[in-house]
Amino acid sequence: MTRTVYVNGEYLPETEAKVSIFDRGFLFADAVYEVTSVLDGKLIDFDGHAVRLQRSLDELEMASPCSKEDLLEVHRKLVELNGIDEGLIYLQVTRGSDGDRDFVFPSEDTPPSLVLFTQNKPGLADSPAAKKGAKVISIEDIRWGRRDIKTVQLLYPSMGKMMAKKAGCDDAWLVEDGYVTEGTSNNAYFVKNGTIVTRPLSNDILHGITRKAVLRMAQEAQMKIEERLFTIEEAQGADEAFTTSASAFVMPVIEIDGVQLGDGTPGPIARRLREIYLEESRNAAV
Ligand code: PLP
């Protein structure tokens with residue numbers, strides 16, 4: 001089925017949507033993005049994504065393509081036009097194009113490009129992968145130093161996923177100066193003696209929208225949380241581990257670099273947090 005996508009003010013069949021070959025997103029990865037999940041035809045944590053998008057734009061001195069209200073309208077219209085019950089909405093804003101390639105930013109009156117499309121994912125919430133749990137490998141984190149900005153520079157994370165697949169695993173955790181930063185496309189946690197440990201926020205990691213929600217929910221459920229640096233070895237000695245992201249919610253991790261955690265099945269805290277997250281997010285969806 002042909003999707004209807006959104007490009008700079010127009011709703012078009014995906015086969016007719018066009019962006020300039022001079023677009024800075026294409027030539028320089030000069031673009032930021034967001035991925036918002038859809039459950040029951042409604043948007044999960046739209047506000048959180050809109051706020052982070054604005055922060056990414058501000059950090060890169062990129063103009064906002066439209067207001068938050070207009071963005072919400074576009075999201076909702078795409079869900080409706082594409083009949084999405086469970087799935088994802090991808091949004092990308094680029095610095096646009098002034099019709100040539102130049103390292104210097106185009107003049108300030110160059111309009112940003114705004115592209116959105118849906119990904120239909122029936123069964124996103126009731127995922128078999130989450131019931132099984134993920135196996136991860138660790139790799140060196142060689143990304144740039146502003147990982148708090150959600151840019152489309154995703155080549156290395158993409159290579160990391162491929163390294164994991166080649167090793168017969170599902171994902172990779174990135175390690176810098178001996179400490180885990182995050183997963184290729186998620187934030188990383190382990191649980192030891194009931195305490196949830198995750199790296200504190202800084203420019204070293206993406207400030208996950210799901211991370212914020214899950215930590216709040218964990219706190220409300222009286223779970224103990226420690227935000228501090230941790231190593232792969234410490235996580236390998238944990239009772240359980242998990243990752244969070246807008247597209248996979250809370251994903252249990254059952255193996256790290258070939259070392260099985262607990263009995264090799266998703267741990268109780270990860271399973272509970274996934275349940276709470278899905279329930280509360282569905283209730284608050286817009
Ligand atoms: N860290 C990285 C590097 C990511 O790419 C993502 C999501 O794409 C996350 C963390 C999780 O962020 P969120 O919960 O906002 O999806």
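Counting starts at 1 for both ligands and their atoms, in listed order. Hydrogens, waters and symmetry mates are skipped; everything else that's a heavy atom, side chains included, is used.
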Considering both backbone and side-chain atoms of [X], is one of its nitrogen or oxygen atoms within less than 3.5 Å of a nitrogen or oxygen in ligand 1?
X    : result
G183 : no
L206 : no
H207 : no

Does a side chain donor of either K150 or S56 reach within less than 3.5 Å of an acceptor in the other side chain?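 K150 vs S56: no donor-acceptor pair found between side chains.
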Which of the numbered atoms in ligand 1 are below 4.0 angstrom from a heavy atom of [X]?
X    : answer
N187 : 10 (C), 11 (C)
R143 : 3 (C)
A246 : 13 (P), 14 (O), 16 (O)

Y90 and side chain to side chain contact (heavy atoms under 4.5 Å, CB included): which single residue from T36, V35, V5 fits?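 The side chain to side chain contact (heavy atoms under 4.5 Å, CB included) with Y90 is passed solely by V35 among T36, V35, V5.
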Here's a test for you: under side chain to side chain contact (heavy atoms under 4.5 Å, CB included), which of V214, L39, L273 qualifies with F249?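 When V214, L39, L273 are each tested with F249, the side chain to side chain contact (heavy atoms under 4.5 Å, CB included) holds only for L39.
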Neighbour count above 12 (heavy atom, 6.0 Å) for [X] [atom1]:
X    : atom1 : value
M162 : CE    : no
E279 : CD    : no
Q54  : CD    : yes
K161 : NZ    : yes

Specify the protein heavy atom at minimum distance from [atom]: its residue, its atom name, and the distance to 0.1 Å.
atom                    : result
atom 5 (O) of ligand 1  : S185 CA, 3.4 Å
atom 14 (O) of ligand 1 : T210 OG1, 2.6 Å
atom 1 (N) of ligand 1  : E182 OE1, 2.6 Å
atom 12 (O) of ligand 1 : G208 CA, 3.4 Å
atom 8 (O) of ligand 1  : K150 NZ, 2.8 Å

Please work out whether any backbone atom (N, CA, C, O) or any side-chain heavy atom from C-beta onward of T244 is under 4.0 Å from ligand 1, and answer side chain, backbone, both or neither.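 T244 to ligand 1: backbone contact only, side chain stays beyond 4.0 Å.
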Can you find a non-hydrogen atom of N186 under 4.0 Å from ligand 1?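 Yes, N186 has a heavy atom closer than 4.0 Å to ligand 1.
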4.0 Å heavy-atom contact, T184 with ligand 1: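 It does; at least one heavy atom falls under 4.0 Å.
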Are R199 and E182 close enough for a salt bridge, meaning some N to O gap below 4.0 Å?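 No.
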